[in-house]
Amino acid sequence: MKRYLISLLLMVLALVLASFAVMWLAPGRFLVAMPLLALYFGAVCGLQHRIVTRAMNRSPKTFIQVFLGSVVAVLFIHIAVLAVYLFSHPSHAKLFTLAFSIGYAVSLVFETAALVRFVNNERRRRQQSAAGK
């Protein structure tokens, strides 16, 4: 879990640095919400990962239900955040949607890779413990 948290922190830091690079290189295209999006995606990824990995210790059926439920819940949360911002700040709609899409793509790739790594490590650990019995 410590390795995951360090990786998550690095992902958030990379997104924050990317948003500040936009501020320095193209000040007219910078939104204050851009660095906050990095924190938002980090929090959502961390929470989703914790929920899914805790379900790994239960039955496979429960794990699949929790995993699919968390994916659907996160998608609805993302849609709600995007819709609220777009309706409250219509003048920044294009820039925010672009920043949100980039953050979503980065967090999706990050979380998918982290979950695949976790499942593979868990499977390997269970096989070693079964072989040791």
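Side-chain atoms are counted along with the backbone in the values below, which use heavy atoms only and exclude waters and symmetry mates.
Annotation: side chain of R123 is in contact with side chain of N120 (closest heavy-atom distance under 4.5 Å). Counting heavy atoms from C-beta on, the side chains of L75 and Y104 come closer than 4.5 Å.
Counting Ile, Leu, Val, Met, Phe, Trp and Tyr side chains that sit under 4.5 Å apart, directly or through other members, L10 shares a hydrophobic cluster with I6.
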Please list, one pair per line, the donor and acceptor atoms closer than 3.5 Å that link side chains of residues 79-99 to other protein atoms, with sequence neighbours excluded.
| unit_1 | atom_1 | unit_2 | atom_2 | d |
| --- | --- | --- | --- | --- |
| S88 | OG | V84 | O | 2.9 |
| S88 | OG | Y85 | O | 3.2 |
| T97 | OG1 | A93 | O | 2.7 |

Distance-only donor-acceptor pairs under 3.5 Å for side chains of residues 62-73, two or more places apart:
| unit_1 | atom_1 | unit_2 | atom_2 | d |
| --- | --- | --- | --- | --- |
| T62 | OG1 | S59 | OG | 2.9 |
| S70 | OG | V66 | O | 3.3 |
| S70 | OG | F67 | O | 2.8 |

Only pairs under 3.5 Å count here: list side-chain donor-acceptor contacts from residues 19-48, not counting sequence neighbours, and write none if there are none.
| unit_1 | atom_1 | unit_2 | atom_2 | d |
| --- | --- | --- | --- | --- |
| S19 | OG | V16 | O | 2.6 |
| Y40 | OH | H78 | ND1 | 2.7 |

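L9 and V109 fall into different hydrophobic clusters, where Ile, Leu, Val, Met, Phe, Trp and Tyr side chains are chained together by heavy-atom contacts under 4.5 Å. Residues V106 and L5 share a single hydrophobic cluster, defined by chaining ILVMFWY side chains whose heavy atoms lie under 4.5 Å apart.
For residues 107-117, the pairs satisfying side chain to side chain donor-acceptor pair (under 3.5 Å) are Y4-E111, H49-E111, with sequence neighbours left out. Note on residues 36-65: no pairs pass salt bridge (charged side-chain N to carboxylate O under 4.0 Å, His left out), not counting sequence neighbours.
For the atom pair R125 CZ and Q128 CD, the distance stands at 9.5 Å (nearest 0.5 Å).
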